[in-house]
Amino acid sequence: MEIWTALFGPLDAPARTVALHEAGVNGVFTFEGPHDVFTPLVLAAGSAPVRLLTNVAIAFPRNPIHVAHQANDLALISGGRFTLGLGTQIRPQIEKRFGAQFDHPVDRMIEFVGALRAIFDCWQNGTRLDVDGRFYRHRLMTPAFNPGPDPYGPPPIHVGALGPRLTRAVATHCDGLLVMPFTTDRFVRESVLPLVDAGLAAAHRTRAEFTITPEIIVATGRDEAEYTAGLDAARRLLSFYGSTPAYRPVLDLHGYGELQPELNGLSKQGRWQDMAGLIDDAPLDLIVAHGTPQRVAATITARTAGISDRVALYQPFPMADASLAEVCASLNP
């Protein structure tokens, strides 16, 4: 099992990457949170031989040329160990926080990916740059701004998706799918995988040519205090995700759909602590892999069986390195 986990922030990125590698992790990822999504990976690239992933870089506030340069540089300095992970985010965040446009998000994302591929092709093979799309136009690449061929090839492009249109489109146009962490085993198998297979069929590809990365929220600990802290953080995280309408289908499948508008109402009032109190054990058990490190590993094994040989451990509360090492050892005995 290939194991990935989060790298939080730039300040101690090299040391943390070494510690995570020693704990048994094969790859580290960053997310678009309080810090830049690319900077920690730049710092981590030379510290340990782990793979690197943006999980995810929000596409729409960025320009494909900017992202292509960042991805190309990370691929170069890591020796080809970088994967570009992209995401759409949700309309309020894109429009109100980033001040960018969100209309037609599926079409916009697929065009963004197509523009990236055209830019990489220009740099790698000398192809004339000629992107003339609905959302993006790139027609000029003079030698002064062309980094030239990457000896490791262009980085793979993975996209995080939940909705049916984007999930299918990712399978058709991208190299991999990042399965969002607010999900369940049943939702992935009944809702996500059929869409992946349909998208791959449209592109005349098979699952062997496509990477699926299940992201699973984890709460564990070697003692009661550590475990309780992890569970509390998991409830807060689930309440945040669950307040978003885009995630209601996951709750609907299990009969908890009415929880979403209730959480949403509390979020609009800023009652974040009250939201966490609405997450009882039933949805927690469906979504979160929790318990001892060995039990967490068993849950992950069951949820990835027949789907993927890799997993991204989403830590709502950073677990101790010793606990992480136990999870990794149980996944790869």
Side-chain angles (χ1 to χ4, degrees), residues 31 55-56 58-60 85-95 102-110 158-174 176-202 207 210 212-218 234-268 275-276 278-289 299-300 302-304 306-308 311-312 314 316:
F31 65 98
N55 185 25
V56 290
I58 307 305
F60 301 158
L86 298 173
T88 62
Q89 249 295 351
I90 59 174
R91 182 181 295 274
Q93 293 288 332
I94 296 299
E95 294 182 343
F102 187 78
D103 56 301
H104 307 287
V106 176
D107 296 338
R108 189 181 292 270
M109 175 60 82
I110 297 311
H158 294 190
V159 172
L162 177 68
R165 283 194 64 224
L166 184 56
T167 299
R168 177 171 174 154
V170 168
T172 301
H173 297 279
C174 303
L177 171 70
L178 301 169
V179 180
M180 305 306 288
F182 190 91
T183 193
T184 67
D185 184 56
R186 182 182 168 193
F187 187 85
V188 171
R189 295 182 188 277
E190 294 184 8
S191 300
V192 174
L193 293 184
L195 293 165
V196 168
D197 290 337
L200 291 172
R207 281 201 207 171
F210 188 72
I212 300 174
T213 303
E215 301 181 66
I216 299 178
I217 300 170
V218 171
R235 292 184 198 276
R236 292 193 298 272
L237 180 64
L238 294 191
S239 70
F240 171 73
Y241 274 126
S243 69
T244 305
Y247 291 102
R248 179 161 181 168
V250 177
L251 296 170
D252 279 336
L253 183 64
H254 297 277
Y256 299 110
E258 292 307 313
L259 182 60
Q260 187 277 316
E262 190 172 0
L263 289 168
N264 185 261
L266 291 176
S267 72
K268 291 178 178 178
M275 289 167 59
L278 295 181
I279 305 298
D280 61 25
D281 289 346
L284 184 83
D285 291 343
L286 287 168
I287 298 172
V288 179
T299 300
I300 291 170
R303 288 179 59 173
T304 56
I307 297 174
S308 182
V311 65
Y314 197 117

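By convention here, the first residue in the shown sequence is residue 1.
- With R207 contributing its side chain and D197 its backbone, the two residues share no donor-acceptor pair below 3.5 Å.
- For T244, the side chain to side chain contact (heavy atoms under 4.5 Å, CB included) criterion is met by I90, A246, Y247, not counting sequence neighbours.
- P316 and L237 make their closest contact through CB-CD2, 3.9 Å (heavy atoms, listed as atom of the first residue, atom of the second, distance).
- The structure places CG of L195 at 11.0 Å from CG of L200, a figure rounded to the nearest 0.5 Å.
- Between the CE atom of M275 and the CD atom of E262 there is a distance of 10.5 Å, given to the nearest 0.5 Å.
- Partners of T167 under the side chain to side chain donor-acceptor pair (under 3.5 Å) rule, at least two apart in sequence or in another chain, do not exist in this structure.
- In this structure, CG on L166 lies 6.5 Å from CE on M109, to the nearest 0.5 angstrom.
- Take V56 and apply the side chain to side chain contact (heavy atoms under 4.5 Å, CB included) test, not counting sequence neighbours, and it matches I58, L178.
- Remark: D280 engages no residue in a side chain to side chain donor-acceptor pair (under 3.5 Å) (not counting sequence neighbours).
- Across every non-hydrogen atom of V288 and A234, the tightest pair is CG2-CB, 4.2 Å.
- Formation of a donor-acceptor pair under 3.5 Å by the S308 side chain with backbone atoms of T304 is not found in this model.
- Among residues two or more places apart in sequence or in another chain, the salt bridge (charged side-chain N to carboxylate O under 4.0 Å, His left out) test is passed with E95 by R91.
- Of the listed residues (L177, V179, I212), just one forms a side-chain contact (heavy atoms from CB on, under 4.5 Å) with L193, and that residue is I212.
- Residues satisfying the salt bridge (charged side-chain N to carboxylate O under 4.0 Å, His left out) criterion with R235, sequence neighbours excluded, are D281.
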> Is there a side-chain contact (heavy atoms from CB on, under 4.5 Å) between F187 and L162 once you walk through the steps?
Replying inline: CA-CA 10 Å; F187 187 85; L162 177 68; 3.8 Å; yes
>> Show, in sequence, the C-alpha distance, side-chain angles and deciding distance for T299 and I216, and conclude whether the side-chain contact (heavy atoms from CB on, under 4.5 Å) test is met.
In response: CA-CA 10 Å; T299 300; I216 299 178; 5.8 Å; no
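- Contact check for N55 versus T213: no side-chain heavy atoms found under the 4.5 Å cut-off.
- Y241 is linked by a side chain to side chain donor-acceptor pair (under 3.5 Å) to Y314, counting only residues two or more places apart in sequence or in another chain.
- Here T172 contributes atom OG1 and I110 contributes atom CD1; the two are 7.5 Å apart, rounded to the nearest 0.5 Å.
- For Q93, the side chain to side chain donor-acceptor pair (under 3.5 Å) test picks out R97, with sequence neighbours left out.
- Closest non-hydrogen pair, L238 versus F182, comes out as O-CE1, 3.5 Å.
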> Can you check side-chain contact (heavy atoms from CB on, under 4.5 Å) on L263 and I279, steps first, answer last?
Replying inline: CA-CA 9 Å; L263 289 168; I279 305 298; 4.2 Å; yes
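- L278 places a side-chain heavy atom less than 4.5 Å from the side chain of L266.
- Between G242 and L251 the shortest heavy-atom distance is O-CD1, 4.3 Å.
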I'd like a table of donor-acceptor pairs (distance under 3.5 Å, sequence neighbours excluded) in which one partner is a side-chain atom from residues 253-260, with atom names and distances.
{"from": "H254", "atom 1": "NE2", "to": "T184", "atom 2": "OG1", "distance (Å)": "2.8"}
{"from": "E258", "atom 1": "OE2", "to": "R248", "atom 2": "NH2", "distance (Å)": "2.8"}
{"from": "Q260", "atom 1": "NE2", "to": "S243", "atom 2": "O", "distance (Å)": "2.9"}

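- Contacts classified as salt bridge (Lys or Arg N to Asp or Glu O under 4.0 Å) and involving residues 165-174 (residues at least two apart or in different chains) are given here: D107-R165.
- Atoms CZ and CD, on R186 and E190 in that order, are 4.5 Å from each other to the nearest 0.5 Å.
- Between F102 and T88, the closest heavy-atom pair is CE1-O, 3.7 Å.
- A289 approaches R303 most closely through the heavy-atom pair N-NH1, 4.5 Å.
- Here the CD1-CG distance, from I300 to D185, works out to 12.5 Å after rounding to the nearest 0.5 Å.
- In terms of the ring pair (Phe, Tyr, Trp, His ring centres under 6.0 Å) criterion, F210 has no residue partners (sequence neighbours excluded).
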